[in-house]
There are 2 protein chains.
Amino acid sequence: MKRRCLSNAIVAIFFCAISVKCKKNSVQKNRVSIFFSQENSSDATPVVLEEILKASQYPISEIKFEPGTYHFYPDKALEKFVHISNHNDVLVRTAMPISGMKNLTIDGQGAKFVFHGVMIPFLMENSSNITVKNLSIDWAVPFHSEALVVASDEKNRTFDIKISEEYPYEIRNGNLVFVKEYYEHSLGQTILYDPKRKAIAFDTESYTDLTYISRKAVQYNSEKIKYKYKTDPRDYPQNRIGVEQRLRAEQLEPGLVRIFNHGKKMPPVGYILTSKGEQSANRLAPAFRLVDIHGFKGENLIVHHAGGMGFIAENSSNILLDDFNVIPSSNRMVSTTADATHFVGCSGVVELRNCTFKNQLDDAMNVHGSYQEIVDVLDDYRLGVRMGHFQQKGFSIGKEGDKIGLVRLSDSFFPYDRRTIKKTQSINGRYHIISFTEKLPKNLAVGDLIENLNGYPEVLVENCTISNNRARGLLISNPVKTVVDNNYFSTEMEAILVPVESSHWFESGNAANLTIKNNVFKDCQHSGFDRGVIRFVTDDDNDNIAFKNIQITGNTFDQFDNLILEISNTDGLSFTGNTITSSNNFKKLHPKNPAIKLKSSKNITFQGNTYKGDAQRIVEAKGDMSEIQFN
Amino acid sequence: MKRRCLSNAIVAIFFCAISVKCKKNSVQKNRVSIFFSQENSSDATPVVLEEILKASQYPISEIKFEPGTYHFYPDKALEKFVHISNHNDVLVRTAMPISGMKNLTIDGQGAKFVFHGVMIPFLMENSSNITVKNLSIDWAVPFHSEALVVASDEKNRTFDIKISEEYPYEIRNGNLVFVKEYYEHSLGQTILYDPKRKAIAFDTESYTDLTYISRKAVQYNSEKIKYKYKTDPRDYPQNRIGVEQRLRAEQLEPGLVRIFNHGKKMPPVGYILTSKGEQSANRLAPAFRLVDIHGFKGENLIVHHAGGMGFIAENSSNILLDDFNVIPSSNRMVSTTADATHFVGCSGVVELRNCTFKNQLDDAMNVHGSYQEIVDVLDDYRLGVRMGHFQQKGFSIGKEGDKIGLVRLSDSFFPYDRRTIKKTQSINGRYHIISFTEKLPKNLAVGDLIENLNGYPEVLVENCTISNNRARGLLISNPVKTVVDNNYFSTEMEAILVPVESSHWFESGNAANLTIKNNVFKDCQHSGFDRGVIRFVTDDDNDNIAFKNIQITGNTFDQFDNLILEISNTDGLSFTGNTITSSNNFKKLHPKNPAIKLKSSKNITFQGNTYKGDAQRIVEAKGDMSEIQFN
């Protein structure tokens with residue numbers, strides 16, 4: 001009714017005074033419900049933005065969209081410079097800046113949102129009880145590109161790709177560049193898709209990444225430049241030192257390009273080569289970005305694409321994604337160009353239920369904290385800390401009252417002491433000063449790490465389908481509690497990776513109280529790596545315990561290859577009631593592997609499992625570990 | 001005395017209570033005077049920054065430095081994303097964020113500040129009555145590079161440059177890249193210096209810019225990408241479309257590089273080729289950056305270098321630079337890589353006195369406002385406006401109460417109507433929404449421009465030496481009042497350029513009430529352009545009046561070439577008591593020129609001048625203008 005009577009207006013505002021609810025509740029008198037229709041607006045951005053920016057004066061409880069397609073352009077969108085964890089620092093634009101709000105529901109009622117350029121559809125911070133539901137997100141022109149391999153010449157070391165008109169390109173000094181609306185990218189990160197399976201190609205690691213760069217540039221003193229402080233070899237300008245482009249492209253005819261100088265096997269004809277440009281520049285427009293959001297529900301949502309992650313939440317709590325789906329649109333192989341969902345320093349409960357995560361170019365879910373390196377002991381109460389990875393710049397370790405663990409990973413994967421945050425001060429993206437309420441311990445040393453012990457959640461992943469994507473299913477660094485129940489996994493790397501990672505991304509957290517039950521694992525780890533379907537691993541090569549209280553029970557592993565489970569540094573893992581079968585869907589890549597590898601672990605038990613696989617040996621224990629019986 | 005007793009401390013804080021002044025004045029009780037010594041600190045940044053950040057709690061009236069050399073590194077400096085007019089948008093670092101302060105004096109007492117990487121030495125905003133004096137600013141590693149031309153082969157179209165160890169480089173895919181601490185740049189913008197004169201080489205336009213790019217990239221639909229709104233061909237990603245690198249570099253031996261494919265004359269042996277990289281990326285670290293500073297004195301300062309301008313002030317008022325000097329350090333040819341000083345939207349009084357501006361890579365002074373294009377008439381009171389040039393993104397047209405001129409340059413160089421700002425709202429760097437207190441006129445049209453009529457100052461330039469730099473001396477777009485008195489000019493382009501410019505930088509302002517008296521102009525305009533030493537010009541080719549009430553009197557022009565004065569679109573110019581002589585220092589580049597060119601002007605008078613130059617004809621009038629007698 002409301003919709004009909006106001007459909008001629010671009011924006012119709014209902015003051016709650018006219019609604020039944022508001023009449024009954026004077027507290028809500030000032031609240032505004034906003035309804036957007038798609039008429040008369042070929043660019044939804046200025047219309048939506050104008051209303052949302054009024055929220056500081058007139059709090060909004062509900063935003064509804066008339067079903068239909070809404071195009072959002074960046075030209076008149078709000079601009080903000082943001083650090084985003086696991087993304088680039090970016091001057092981004094948005095039509096929906098959700099900041100300082102509470103109890104807001106955005107209901108798309110089936111609307112399709114189509115974005116153009118470097119925009120973040122939902123840029124949310126410092127808010128509570130936010131619900132977004134019933135809408136889909138896509139980009140008119142994606143941040144990645146796809147091309148069909150049409151010729152492959154091992155002898156002359158070239159291959160040819162056919163590029164459709166959807167993916168305009170240029171060749172500049174032999175460099176193939178895909179040109180987009182408001183953006184462009186190189187052949188920097190590539191992977192093969194098998195169009196028949198609409199999934200990552202079997203054994204893609206033999207072919208991709210394309211060897212985009214070489215380290216053969218002529219150098220004259222450039223390698224000798226001295227820095228006063230530690231630099232990050234992945235960040236500009238260090239990432240350019242000594243590097244040249246190795247691949248050379250030549251147009252054979254319009255839309256047909258020959259690639260020279262690839263250093264791996266030539267990609268097979270019929271596969272789709274997907275490309276998203278260089279890692280240092282290709283994570284800049286996630287679909288949902290949350291910082292300090294306490295209480296979030298995402299329901300009945302489809303993220304068809306994003307130039308980065310589908311959902312990235314930092315220092316937030318109590319997040320439920322129900323029927324939140326990452327699925328490519330139309331004929332595209334790729335959905336989001338990075339993880340489907342990612343949670344850094346989150347607390348309370350994080351739940352994924354009834355979700356489908358398909359064809360994204362990184363993990364379906366990654367849950368972790370952040371290790372920050374102590375570089376200065378400023379006084380008895382203050383530390384200067386450094387972010388290790390350039391795509392974690394600006395991440396705040398926590399807030400007043402949070403418990404910080406002091407960690408020396410060479411000694412233990414668990415904190416040697418704890419202190420309480422009084423204040424954090426962001427000096428710059430790399431360097432923060434943290435003040436504590438208690439005196440710092442005497443044995444603290446520069447080079448130790450800090451992690452936020454309150455920055456881990458209870459995690460539930462239930463009834464989800466994770467398949468056809470690059471990288472892992474779940475990446476869990478969570479010492480609190482994690483339940484992975486009744487999901488389907490078919491991933492090209494590990495279905496579930498449980499790491500302590502401190503050398504690349506500095507994603508903190510060991511794991512404890514992890515239950516993996518009643519899931520189906522189907523032909524995971526098919527891209528070529530010699531790794532388990534479920535894998536526990538640490539960067540630090542020692543026998544210390546990192547992982548505790550792990551239950552893996554009632555799962556089905558229907559795998560083409562032998563290795564199912566890789567365990568290290570674990571105390572207490574029971575593997576019970578699982579069924580392992582051989583799918584024979586692909587050729588075995590590592591036929592000599594056992595089904596289970598054990599290392600530096602104790603209290604590992606196997607009970608009531610069924611093994612119908614092909615491994616010559618089921619369990620292989622390394623180092624000091626004695627043989628363990630598989631039952 | 002103070003200094004001696006506290007010299008062991010890195011930072012000594014004097015509470016004013018112990019000083020005589022403060023004892024007498026209880027208002028100043030809370031004020032803090034800070035003294036920095038250079039001992040025990042190899043990086044001044046964290047020490048200085050920590051004290052300055054306390055200013056919001058403990059206002060500072062004075063900061064003093066013990067004489068000596070202070071190194072400022074970016075690693076622990078405050079980070080801020082800033083739009084800077086006529087610079088790049090930049091995530092910059094600073095040790096001296098002056099924000100929300102008043103009545104502050106920073107006295108270097110002769111200290112030398114040496115910066116490293118992308119830092120802004122003085123990042124100042126929203127403050128009043130600030131003085132900075134008695135210090136010098138330099139960078140350990142400059143943002144530009146210099147190389148000696150050692151061979152020049154017109155036949156084979158190559159030239160060779162010798163690059164010293166001061167300037168590390170790499171050659172990547174034939175592209176010469178100069179590699180710096182925290183930075184690097186290409187051969188994007190280049191100019192020749194004559195080391196004997198330590199000035200821009202005579203006739204450099206025949207040799208430079210090097211033809212760095214060509215527009216010959218292979219294109220497949222990239223040129224057909226449609227944008228909903230206007231784009232800027234100079235901004236990313238439009239500036240990449242169809243472009244490849246044209247020059248190719250080859251190392252003959254370490255430190256000796258041959259350059260191929262240059263399209264102009266080969267640079268002569270013995271000249272210094274200076275390079276600062278591409279325009280789109282090379283203006284990022286000015287020495288002084290002021291926004292909304294009301295009352296500023298800079299006294300006895302030397303800016304040896306900056307990766308951008310020496311001094312850029314936006315929307316500020318009452319600025320005095322006295323003995324403010326831009327001079328290269330050691331054996332460098334180049335001082336700052338852009339203008340020495342630059343004023344946008346400034347008001348009150350702007351004075352340059354007793355300054356030396358030498359060897360910078362752009363104008364000595366540029367004074368203008370900003371034209372912003374009306375792209376949306378949102379309602380009776382609100383306009384959406386667009387910034388035209390990507391390096392003016394984020395510039396705020398004015399504040400509440402400022403008078404805005406509505407301009408249609410095809411009709412007139414003067415506003416057709418005026419309105420008063422109620423509010424400005426920055427949606428993004430390109431797009432602002434301006435609300436007015438009065439209704440907008442009916443005849444206003446999309447495509448018209450706005451300028452801030454309160455954003456022009458009274459300007460005095462007195463007793464300054466401007467020489468050896470690239471580009472102009474003074475660039476004056478100021479309708480209020482400008483006096484240029486008793487200065488020395490020796491510039492490679494115009495000594496004084498008076499434009500109405502609306503097609504490239506969108507630097508607003510016609511000129512009126514301009515007095516140019518008692519100056520010496522020596523061999524200006526020697527780089528090759530066919531332009532006057534003093535030149536009035538508009539982008540719009542019509543006969544409308546742009547410039548009014550101009551006095552040029554008592555000056556000496558000692559020039560190698562003929563053309564002295566180029567006048568167009570002017571009503572009221574008197575040229576009296578000037579002496580024009582022939583220096584014979586260089587070969588004439590344009591020997592057929594008259595001394596004075598007139599166009600589309602009226603009320604032009606010549607009286608009491610002495611002409612001893614070589615021009616066959618002194619005055620040449622074009623179009624409808626009748627002949628005017630030179631006296």
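In what follows, chains carry the letters A, B, and so on, assigned in the order in which the sequence lines appear, proteins first and then strands, with residues in each chain numbered from 1. Computed from a prediction, not measured in an experiment: that's the story for all the values here.
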Trainee: Need one label for B:Tyr169: side chain, backbone, both or neither, based on atoms under 4.5 Å from any heavy atom in chain A.
Mentor: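 Interface part for B:Tyr169: both.
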Trainee: Under 3.5 Å, is there a donor-acceptor pair between the side chain of B:Tyr73 and the main chain of A:Tyr227?
Mentor: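 No; zero donor-acceptor contacts below 3.5 Å.
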Trainee: Most heavy-atom pairs under 4.5 angstrom with chain B, which of A:Arg386, A:Glu165, A:Arg172?
Mentor: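 The residue among A:Arg386, A:Glu165, A:Arg172 with the greatest pair count is A:Arg172.
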Trainee: Under 4.5 Å from any heavy atom of chain A, what part of B:Lys224 do you find: side chain, backbone, both or neither?
Mentor: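 It is neither, since no heavy atom gets under 4.5 Å.
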Trainee: Using non-hydrogen atoms only, which part of A:Phe178 is less than 4.5 Å away from chain B: side chain, backbone, both, or neither?
Mentor: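 Answer is neither: A:Phe178 stays 4.5 Å or more from chain B.
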Trainee: Are the side chain of A:Asn428 and the backbone N or O of B:Leu78 linked by a donor-acceptor pair below 3.5 Å?
Mentor: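 It does not hold such a pair.
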Trainee: Looking at A:Lys228 and B:Glu181, does any basic side-chain N land under 4.0 Å from a carboxylate oxygen?
Mentor: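 No.
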Trainee: So which part of B:Lys180 gets closer than 4.5 Å to some heavy atom of chain A, the side chain, the backbone, both or neither?
Mentor: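 Contact with chain A is through the backbone of B:Lys180 alone.
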Trainee: Side chain, backbone, both or neither: which part of B:Ser426 has a heavy atom under 4.5 Å from chain A?
Mentor: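 For B:Ser426, the backbone is the part near chain A, not the side chain.
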Trainee: What part of B:His83 gets within 4.5 angstrom of chain A, counting heavy atoms only: side chain, backbone, both, or neither?
Mentor: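 It is the side chain, since no backbone atom gets that close.
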Trainee: Please flag which part of B:Leu49 lies under 4.5 Å from any non-hydrogen atom of chain A: side chain, backbone, both or neither.
Mentor: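 Looking at B:Leu49, just its side chain touches chain A.
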Trainee: Using atom types as modelled and distance alone, determine if a side-chain donor or acceptor of A:Glu170 lies under 3.5 Å from a backbone N or O of B:Val218.
Mentor: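 Looks like no, no N/O pair under 3.5 Å.
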Trainee: Is it the backbone or the side chain of B:Glu184 that comes under 4.5 Å from a heavy atom of chain A, or both, or neither?
Mentor: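 Both parts, heavy atoms under 4.5 Å.
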Trainee: Quick one: are A:Pro237 and B:Val179 in side-chain contact, heavy atoms under 4.5 Å?
Mentor: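 They are not in contact (no side-chain heavy atoms under 4.5 Å apart), so the answer is no.
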Trainee: Highest number of heavy-atom pairs under 4.5 Å with chain B: which of A:Ala77, A:Ala217, A:Pro254?
Mentor: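 Of the candidates given, the most pairs with chain B belong to A:Ala77.
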Trainee: Sort B:Ile427 into side chain, backbone, both or neither according to what part of it lies under 4.5 angstrom from a heavy atom of chain A.
Mentor: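 Answer is both: backbone and side chain atoms of B:Ile427 are under 4.5 Å from chain A.
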Trainee: Can we say B:Lys76 and A:Asp376 salt-bridge, meaning some charged N sits less than 4.0 Å from an Asp/Glu carboxylate O?
Mentor: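 Salt bridge: yes.
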Trainee: Identify whether the distance between the nearest side-chain nitrogen and carboxylate oxygen of B:Glu50 and A:Arg382 falls below 4.0 Å.
Mentor: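 Result for this pair is yes, salt bridge flagged.
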Trainee: Just by distance, with hydrogens left out, do B:Asp43 and A:Tyr229 show a side-chain donor and acceptor under 3.5 Å apart?
Mentor: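 Side-chain D/A pair, B:Asp43 to A:Tyr229: present.
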Trainee: Quick check on B:Ile241 against chain A: is it the side chain, the backbone, both or neither that has a heavy atom closer than 4.5 Å?
Mentor: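 It is both, since atoms from each part get that close.
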Trainee: Donor-acceptor pair, distance only, cut-off 3.5 Å: does the side chain of B:Asn173 make one with the backbone of A:Glu244?
Mentor: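 Checked: no pair found.
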Trainee: Is atom NZ of B:Lys162 surrounded by more than 12 heavy atoms (other residues, nucleotides or ligands) closer than 6.0 Å?
Mentor: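 Yes - once you tally the heavy atoms of other residues, nucleotides and ligands closer than 6.0 Å, there are more than 12.
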Trainee: Heavy-atom pairs under 4.5 Å with chain B are the metric here; pick the option from A:Tyr220, A:Tyr183, A:Tyr182 that has the most.
Mentor: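 Heavy-atom pairs under 4.5 Å are most numerous for A:Tyr220.
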Trainee: Chain A heavy atoms under 4.5 Å from B:Val257: which part of the residue, side chain, backbone, both or neither?
Mentor: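 Interface part for B:Val257: neither.
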